[in-house]
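Written below as structure tokens is the structure these notes are about.
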Number of protein chains: 2
Amino acid sequence: MSLRPLPLGAAKITGGFWQDRQDVNRKTTIPAAADRLEQAGTLRNLRRAAGHEPAGDGFTGKLFADSDVYKWLEAVAWEQSRSPSSELASWQATTSAVVAAAQEPDGYLNSYVRLALGGKRFGDLEKGHELYCAGHLLQAAVAQSRATEDRTLLTVACRFADLLCATFGPGRTEGVDGHPLIETALVDLYRETGRSSYLELASYFVEARGQGLLTPPGHHGPAYFQDHLPVRSVRTIAGHAVRALYLASGATDVAVEMGDAGLLDALRATWQTMVESQAYLTGGVGSRWYGEAFGDPFELPPDAAYCETCAAIASVQWSWRLLLATGESQYADLIERTLYNAVISGVSLTGDKFFYVNTLKVRRGAFADDQRSAVAGRQPWFGTACCPPNVMRTLASLDQLVATSDDDGVQLHLYAPSSVTAEVSGGSVGLEVATRYPWQGTVTVRVTESPRSPWALGLRLPAWASGCTLTVNGVKQATGPVGRLLSMRRSWSVGDEVVLSLPVGARRTEPDDRVDSVRGCVAIERGPLVYCFEQVDQDVVLDETAVVPGPLVSRERPELLGGVTTVEVPARDGQTLTAIPYYAWANRSVGPMTVWIDAR
Amino acid sequence: MSLRPLPLGAAKITGGFWQDRQDVNRKTTIPAAADRLEQAGTLRNLRRAAGHEPAGDGFTGKLFADSDVYKWLEAVAWEQSRSPSSELASWQATTSAVVAAAQEPDGYLNSYVRLALGGKRFGDLEKGHELYCAGHLLQAAVAQSRATEDRTLLTVACRFADLLCATFGPGRTEGVDGHPLIETALVDLYRETGRSSYLELASYFVEARGQGLLTPPGHHGPAYFQDHLPVRSVRTIAGHAVRALYLASGATDVAVEMGDAGLLDALRATWQTMVESQAYLTGGVGSRWYGEAFGDPFELPPDAAYCETCAAIASVQWSWRLLLATGESQYADLIERTLYNAVISGVSLTGDKFFYVNTLKVRRGAFADDQRSAVAGRQPWFGTACCPPNVMRTLASLDQLVATSDDDGVQLHLYAPSSVTAEVSGGSVGLEVATRYPWQGTVTVRVTESPRSPWALGLRLPAWASGCTLTVNGVKQATGPVGRLLSMRRSWSVGDEVVLSLPVGARRTEPDDRVDSVRGCVAIERGPLVYCFEQVDQDVVLDETAVVPGPLVSRERPELLGGVTTVEVPARDGQTLTAIPYYAWANRSVGPMTVWIDAR
């Protein structure tokens, strides 16, 4: 591994844009989810499986509903590492006890299998989601162990994982789950416990993929669940986006832990194809509603975009693993793009309503026949409720993505008001970051602790940041090219101040000519934010106008949408269009909206 | 009704483009289907239900598989009206006997319900397709009765329809089928038998739609099966395209038979929205893979186009009903466009392989994970085998779309070498049509029989045919505007010759600016044919070129693709691109292809 994650708590977001999102997540989203999981019967399933309630009419909801609870428990755990509370502790204790009680004597745990299938396990690896649910349990357990030192779920998870190790693998049951996740979760658990059997099973699941162990469901072919090719033979990511990305994350974990350079190279090449030809400007991935799948390269229609919130989150997870594996800031660039524009677009500013699908365009006359469609408006919950708790755990653990370290120094990847401590070879480093990013481009990094020996401060220069400037203690420094990690190795002293000025002014972005549906259009970006035009902000009909050359005027609007900077864009016939950050759209009403706008 | 269909056999296609397609349909497609239906277990299902074979492992295939047999039987029947054969007669006799034997004592008939559900009927109107299968049985029965005077299936159909009348309706079971078709089939049966109860039930099914009698399946909302609004309140067609179009056909039948002008107006308005904003240049409809559904207006991505072959056929059926109801040639224009470019694209030139989906663009690097994808190549059959026998019955009954009559005269809608007889108020009319259409634009209509009193010869002037010319007995006539039926009322004599010259030269077609994905592109059309560019015909990479202004050169290529006229199109850097008729694509190999091409 090239870079190391910091120990939990070593990087703290202390204010600004992301803390605002985290506060809403803590105060509204996570508590509301407790209610929703109750109302949907999801928690009751586990209580019934635990025998804490009569089984009654059995299981309610989708067969993977347990995973919603686990993701929420993961958020509850991470949130306590940010700041403990009795409510969080109580949810954790109560729910973990139910989960533990629902575990069967040999370690198996799945309320759907218990309540709806009479306990018949692993009968439908293609669609059953049993290992997928197990994966979320393992991830919640690792979070709980790391964040709260409560070992309740970890014990449950290890017992289940031990059962999986005894069940699956060469000479045992040869099979993989139709919905990947267990791979990365097992590596997480291996890292937390040191038990190599978990890593070995993860490696088995990765290698067993693409060997035809699964029977494709319905009309879909094997690529739907990534069984068309061995992972190391893939160069273009395909099929169900969330599955593909969780698998890629797990395969990256395995490649790193096993020192498998060939596998890592394949994954890096696949990521490159994805970012160049299968990702939207927002970082959103998965073009197709049908199969919730990646499209072919350059198949990126804005109106028909699926861009599931969970796929964006899974993309962040994969990029994070590649960032750690390689130290290359292109991965952090995509993380930032995706977080600002494809993850938080999935939750309302109030924190209590969600988008499953993050479309880039809504037409006049668009019609919703699906709860997931943006046209249906943000929803309080979903029949398939994967996205909301995925957002919760992502925001609750966001501090962990701010910075990394290696023996030689500390690297800052996400710019936010924050404090960071890290151990480098010479001793302890402390940093305080002050910034109004993403609205403003100045990032001030103050050294609060430093060993005497030289170490390297790494600052990500985003690929869009041409023209950025840098000073150290007021003295201008050369930055070199952008799109990389700028490493400043020197003897740092407490009180040293580094000021990075990123040019966050609004800019026009032209599309790749191979994306049919946006040819002749431009998009507006500002710093890491992708902007969009909502009809409600315009005097003209969006479909009937076009932007023209001229200055882009940024305007701070503290009263609008929780405080945003809008961008005014000159349009045909002397009109002006107003763009808002894409993440904030559909927070007033849902009407026509577009990211890409005619510029011919 | 404004126009009347001619009696069966009164219009005969006697040569040319369509007869070639019909010959392949007769000699290859229909016989091959007999084998496929056997291999797939589809015919065996009925034999098992009939008790002609032991039930063995029960039912094979999709629950609506009986309908594949019925559509094939319909093709077999129509084909006999074109020209009897002992093989056709034998298939009909054998299979009809099995169907009759599979009918239960009270008239019910469905091999899936019999073999797989233990006879439990109508338990899942949403997804069960029982009335859909019944509808295809009724249509096959009417075809058989009309084409061969064999009443075997008609007797079966009436018994089943009587059971449906006794089962469904006000005061009985209130319900509609999740997959419309029974509506139009009941009106067909009413027209064949005169039994008004069938019309009444059809009317009930149309009116009961959009009243929330169905529970939407899975993620889909009620529009998926057109239950979101009463049919007469719809103005934009939505949901599953085949379902929507079969329902629209049935509703049009009901509107005509009941004299319901309000319903007819609603359907006409809906058709208008469809043709203006929801149909591809090919006439293909149903933009979305997800839900096999219509898109929002102007959501017409060429690469992601679904354009199910069945939807194109259903569109032809609906337009035919509106043509008869109104006499407006815009409906015949869409029929022609759809037949040439969205129906026969669904069958290989050899007649033994099929497309389910008729995409308008395949990219380099496109990947198929679905049997229906064009990228997977033309298939000999499908798990869901609706499209192939639908093509068969369409080609076998195509003669019926050539011409209509009313009291005042005869109208020619499809130009093909043909003979037409019709009764008008003054007596019998006979016409012989000679043409090399669509390759050449000259259509010669010779009067072979005429009453003494004046009558009107109607000739469709396609909307694209600006500049067409017309002579009667060598004397030039004014044609007036195109996009309408030109009616020439006079005293005609045997031997009179009308020559219509349609300008079938290649032309560039610009897209509607509101269709994002083809902005800046053009398509090539030639007469009624939409053209496309296949990579295999080009010296340059399709993605990397653009067409430029300059002459379009048509070239007759009798050796190519069964004989086509290609169009050579000047491109960037002095290159020339070669376009072929879209219907003929993917008959050599499947590679990159596009209908719309960059013209910037």
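Quick caveat: nothing in here was measured; it's all calculated off a predicted structure.
Among F64(A), Y112(A), F225(A), the one residue that satisfies the ring pair (Phe, Tyr, Trp, His ring centres under 6.0 Å) test with H129(A) is F64(A). The only member of Y582(B), W585(B), F382(B) that meets ring pair (Phe, Tyr, Trp, His ring centres under 6.0 Å) when paired with F355(B) is W585(B).
By the 30° and 60° cut-offs, the orientation of the rings of Y356(B) relative to H219(A) is perpendicular.
In terms of heavy-atom pairs under 4.5 Å with chain B, the best-connected choice from D513(A), V518(A), T384(A) is D513(A). When each of R514(A), E544(A), E299(A) is checked for heavy-atom pairs under 4.5 Å with chain B, E299(A) comes out on top.
Neither the backbone nor the side chain of P216(B) comes within contact range of chain A; no heavy atom of the residue lies under 4.5 Å from a heavy atom of that chain. In this structure, the portion of H228(A) lying under 4.5 Å from any heavy atom of chain B is its side chain and not its backbone. Of the atoms belonging to R363(B), it is side-chain heavy atoms, and not backbone ones, that fall under 4.5 Å from chain A. Proximity to chain B (any heavy atom under 4.5 Å) is restricted, for A238(A), to the side chain, taken from C-beta onward. At a 4.5 Å heavy-atom cutoff, the contact between D598(A) and chain B is made by backbone and side-chain atoms alike. Interface residue D303(B): only side-chain heavy atoms are found under 4.5 Å from chain A. In this structure, chain A has heavy atoms under 4.5 Å from both the backbone and the side chain of A223(B). Both the backbone and the side chain of F298(B) come within contact range of chain A, each with at least one heavy atom under 4.5 Å from a heavy atom of that chain. Of the two parts of R364(B), neither the backbone nor the side chain holds a non-hydrogen atom closer than 4.5 Å to a non-hydrogen atom of chain A.
Looking at heavy atoms from C-beta onward, E276(B) lies out of side-chain contact with W271(B) at the 4.5 angstrom threshold. In this structure the side chain of S517(B) reaches within 4.5 angstrom of the side chain of P302(B), judged on heavy atoms. Between P592(A) and K361(A) there is no side-chain heavy-atom pair separated by less than 4.5 Å.
We find the OG1-CD distance between T215(A) and E126(A) to be 4.5 Å, quoted to the nearest 0.5 Å.
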Exercise. Starting from the C-alpha separation in whole Å, work towards a yes-or-no answer on salt bridge (Lys or Arg N to Asp or Glu O under 4.0 Å) for E292(A) and R372(A).
Key: CA-CA 11 Å; E292(A) 305 184 302; R372(A) 292 170 295 174; 3.4 Å; yes

